[in-house]
Amino acid sequence: MALLGATGLVGQRFIKLLADHPFFEIVALTASSKSSGKRYCEATKWILNSDFPEVVKDLRVLETSPSTLRSCGYNVDVVFSALPSAVARELEPLFAREGFKVISNASAMRLFDDVPLVVPEINPDHVNLIYVQRSKRGWKGFIVTNPNCSTIILTLTLKPIMDCGGIESVHVTTMQAVSGAGFTGVTSMAIIDNVIPFIANEEEKIQTESLKILGRLTESSVEYADILISASCNRVCVLDGHLENVFIKLKRQVDLETIKDSLRNFKGIPQELKLPLAPPSPIIVRGEEDRPQPRLDREEYKGMSVVVGRLRYGKDGWLKYVVLGNNVVRGAAGNSILIGELMAKEGLL
Ligand code: NAP
């Protein structure tokens, strides 16, 4: 596999998770022209609390182009992408056209009718849109996308609740970690001792992407779920881990124990197939009055499980809870790799 945007925050998470992966071998890394030609350890400001994995340390960073990957000396089966969205919009279709199978973190193509937007436990069948994509665009490869980080965390909990009570509307307020903005995204002067009540385009992404993920695959696209979602997003002074306060109006009231059980027991195809990064329990339910918390709960099953707490009904009859997820693992690199594992197991890579 090759990794595009390998030097960034999400790129580094990919490297850490893929360094000794049983399905994928890292053979090529790319970044911007400022990094290409350098050894990975020279080009990257490594921010994880482990050293550079030996397998990538001395790899030469390549220019991000299909022709460079073709001439890297390996047959690359799959390309994971952690490119900024504007760059992805230009470059990823070139890779797909040239026959590369791209699994992308960027938002650029997530809402295109023929592009799968996948959380493997929720909508694994949506990967079949690659056949529509191929016939419509004439690409030899394809693009499958990983959703927005807050959206993945939210939808993992909405799916089992939707299946047991039916959902009419959802209000969600997020408290999002600084790592979600990339390495240079939020300055320390802006965020220390502060909360910023705005994240560009984030509310729209949560409100729309969730409906596609929870929607139904038709012959040539996805019929969006019929739920009203309203989001309000804040950047907070936390390194990793997005916390979300969720308020749900159910179609019919279901007792709390039934909802807790449906969250706890929620599993999908990744668990059935025992995929390497699939957490045995995608959702962990805690009973303490003050959990989940980012510092304590963001590494559950290597950051692949989300943690739910404070599940209760309000006086208005709305179901309320808090959910925490690791934005750079389940919300980015980890979910993308899980998509790759699923597609590999299904023979699609
Ligand atoms: P980042 O830290 O800014 O890293 C961006 C990467 O892209 C770097 O490797 C950079 O290389 C490379 N790059 C920049 N401009 C390029 C160009 N013109 N051509 C080729 N490569 C270029 O960003 P990030 O936080 O890792 O995010 C990466 C993607 O994942 C974004 O689309 C983001 O929206 C998405 N995402 C992020 C999160 C999160 O929690 N952070 C969650 C979900 C999705 P250089 O080092 O050479 O500049």
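One is the number of the first residue; the rest follow in order along the sequence. Ligands are counted one by one from 1 in listed order, and the atoms in each one are counted from 1 as well. Only this structure's heavy atoms are used, side chains among them; waters, hydrogens and symmetry mates stay out.
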Heavy atoms from other residues, nucleotides or ligands near CG of D255 exceed 12 (cutoff 6.0 Å) = yes

Considering only heavy atoms, which protein residues lie less than 4.0 Å from any atom of ligand 1?
-> G5, A6, T7, G8, L9, V10, A31, S32, K34, S35, T64, A82, L83, P84, S85, V87, N105, A106, C149, S179, G180, G182, F183, N327, V328, G331, A332

Side chains of S33 and S36, donor plus acceptor under 3.5 Å = no

C233 side chain near Q176 side chain, heavy-atom distance below 4.5 Å | yes

With no hydrogens and no angle check, do the side chains of E92 and S104 hold a donor and an acceptor under 3.5 Å apart?
-> yes

Hey, what's the ring geometry for W46 with Y40, parallel, tilted or perpendicular (30° and 60° as the breaks)?
-> perpendicular

Please tabulate, one pair per line, all N/O donor-acceptor pairs under 3.5 Å involving side-chain atoms of residues 335-349, not counting sequence neighbours.
from : atom 1 : to   : atom 2 : distance (Å)
N335 : OD1    : R330 : NH1    : 3.0
N335 : ND2    : V118 : O      : 3.0
N335 : ND2    : N146 : OD1    : 2.6
S336 : OG     : N105 : ND2    : 3.0
S336 : OG     : A332 : O      : 3.0
E341 : OE1    : L277 : N      : 3.0
E341 : OE2    : H21  : NE2    : 2.6
E341 : OE2    : L277 : N      : 3.2

